[in-house]
Protein chains: 2
Amino acid sequence: MSTATTPTDKRQAILEAAFRTFARDGYGQSCVREIAEEAEVAKPTIYNRLGDKETLFREAMKAAVEHTAERSLNALEPLRTPGGDMRSALEETGLLLLRSHACQESRALRRLLSAEGARFPELLEEVQRAGAQRVQDALADRFARLALAKRLDTTDVERAGEQFLALLTGPMELRSALGTRAVPDEELQAVAEAAVDTFLLAYAPRDPG
Amino acid sequence: MSTATTPTDKRQAILEAAFRTFARDGYGQSCVREIAEEAEVAKPTIYNRLGDKETLFREAMKAAVEHTAERSLNALEPLRTPGGDMRSALEETGLLLLRSHACQESRALRRLLSAEGARFPELLEEVQRAGAQRVQDALADRFARLALAKRLDTTDVERAGEQFLALLTGPMELRSALGTRAVPDEELQAVAEAAVDTFLLAYAPRDPG
DNA sequence: GAATTATTGAACCGTGCGGTTCATACTTCG
DNA sequence: CGAAGTATGAACCGCACGGTTCAATAATTC
């Protein structure tokens, strides 16, 4: 049984509050006192459980990338079905990927990582590997199966995956004002559709003859 | 006549030093004393000429976007010639765009803008308009001319420009570790080539029949 | 219910920051 | 040369921060 404030995982509450605060104010402008308030926890508790501000930041980032990466990986499921036409599967995956890419947490994660990555190189490496790199690899896996089944025409599935993601997320940079403002879902759909159009023109198998 | 330290444009030296410092340490971690040292200038001089730290940041960012945007706009020149084949013109423009996108100043500008943009909304707006948006518009202009001359097959030149840029810069996010590490020029060439390949498969006019 | 552990708030410390003051020195130009 | 304006460095102010201490209190465990 747990009381109102769950007992053990107060650590998680701290991490979530830390991420919210860092995301809102940036690392340099965030102060531990505010994080403590946000987590409804005393300041010494933070230092007891997580050491100094830097490790607090690291742990919060690592926790955040787990959520977002999982959501992106789930977005690749429609590509697993060999049945159904290619276009609709790609469009569904594309839209799901874009929703994941455009969500609050994901945008904040990239913003913070890009801002502080130079000062936390190992963290940058780890988060990239657990996030974007993992998604791109998984997408290349899907494309490999599809190429083998002659549903896609390519010999370089890494390149195909990289470009599919580029067509999806590249346009978001400007549209979301570098991740600082939300983008309506209809716009995500339009971007996904345009990306799939272009991708298929380049990668759909041509009719023989 | 000017002495070793040019007299009037000490202001510019301050702005450049400020941008270097902000780029290296981030806004929150930069202190005015260090900027003053970097600019070889006394601290009160900074406050005399540019007011507080926030306006110093704003001015430094605005100054930086001018350089980078101009370089990107110059990259579009090869597309102005109607002669020569499409592929080589696109490849040259693509490589020049990538070099501009991947250069130190440009990466730092995007990093800082994405990090602090939420707290400086008007600055974000202004820099985006003077930078990425302007380049994208100019590219759409070039594509419009090329479409009119039947060198490209599209009715939506904004979309074509957006996707061309996406194919170029999208892959750089992961490859440059969110702009924190430099990318060798051969890799830029490979990305540009791949982007042009895919772009042409989607946007080159098909032979009639 | 006693003993152990974790949590709390409040006060505290040292430090480095943004920003200002001021007297001195330097430059510029008449 | 002399006057006006500007740059300089050093000291200074107030403040908020990261991090710690401590006594009091709540929660857990047996």
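Everything numeric here is computed off the predicted structure, so don't read it as measured data. Proteins come first, then strands; the chains are lettered A, B, ... in the order of their sequence lines, and each starts at number 1.
In this structure, CZ of Arg11(A) is placed 16 Å from C1' of dA6(C), rounded to the nearest angstrom. Remark: P of dT21(C) and CD1 of Ile46(B) are 17 Å apart, rounded to the nearest angstrom. Between Glu40(A) atom CD and dG9(C) atom C1' the separation is 15 Å, expressed in whole Å. Atom-to-atom, CD1 of Ile14(A) to P of dT8(C) comes out at 8 Å; the value is rounded to the nearest Å. Remark: P of dT21(D) and CG of Asn48(A) are 11 Å apart, rounded to the nearest angstrom. Rounded to whole angstrom, the span from the CD atom of Glu37(A) across to the C1' atom of dA16(D) amounts to 14 Å.
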(request) For nucleotides 15-20 of chain C, just jot down a letter per nucleotide in 5' to 3' order: B, S or -, based on protein non-hydrogen atoms under 4.0 Å. (result) --SSBB
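No salt bridge links Arg58(A) with Glu126(A); every basic N to acidic carboxylate O contact stays at or beyond 4.0 Å. By the 4.0 Å N-to-carboxylate-O rule, Glu125(B) lies close enough to Arg129(B) to be salt-bridged with it. Using a 4.0 Å cut-off between a side-chain N of Lys or Arg and a carboxylate O of Asp or Glu, Glu37(A) and Arg33(A) qualify as a salt bridge. Classification of Arg49(A) and Glu59(A) as a salt-bridged pair fails, no side-chain N sitting under 4.0 Å from a carboxylate O.
Comparing the local axis fitted to the first five base pairs of the helix from dG1(C)-dC30(D) to dG30(C)-dC1(D) with the one fitted to its last five gives a bend of 30°, rounded to 10°.
There is no side-chain donor-acceptor pair under 3.5 Å between Thr45(B) and Asn48(B).
Taking 4.0 angstrom as the limit, Arg49(B) places none of its side-chain polar atoms (N or O) nearer than this to OP1 or OP2 of dT6(D). Put simply, Thr45(A) has a side-chain N or O that comes within less than 4.0 Å of OP1 or OP2 on dT8(C). Residue Lys10(B) places at least one side-chain N or O closer than 4.0 Å to OP1 or OP2 of dT8(D).
Residue pairs that meet the salt bridge (charged side-chain N to carboxylate O under 4.0 Å, His left out) test with at least one member in residues 160-170 of chain A, sequence neighbours left out, are Glu162(A)-Arg175(B).
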Hey, can you pull the donor-acceptor pairs under 3.5 Å for the side chains in residues 14-21 of chain A, sequence neighbours left out?
residue: Glu16(A); atom: OE2; partner: Gln12(A); partner atom: NE2; Å: 3.2
residue: Arg20(A); atom: NE; partner: Glu38(A); partner atom: OE2; Å: 2.8
residue: Thr21(A); atom: OG1; partner: Ala17(A); partner atom: O; Å: 2.8

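For Tyr27(A), the ring pair (Phe, Tyr, Trp, His ring centres under 6.0 Å) test picks out Phe22(A), Phe57(A), Phe120(A), with sequence neighbours left out. In this view, Gln29(B) satisfies the side-chain hydrogen bond (donor to acceptor under 3.5 Å, both in side chains) rule with no residue, not counting sequence neighbours.
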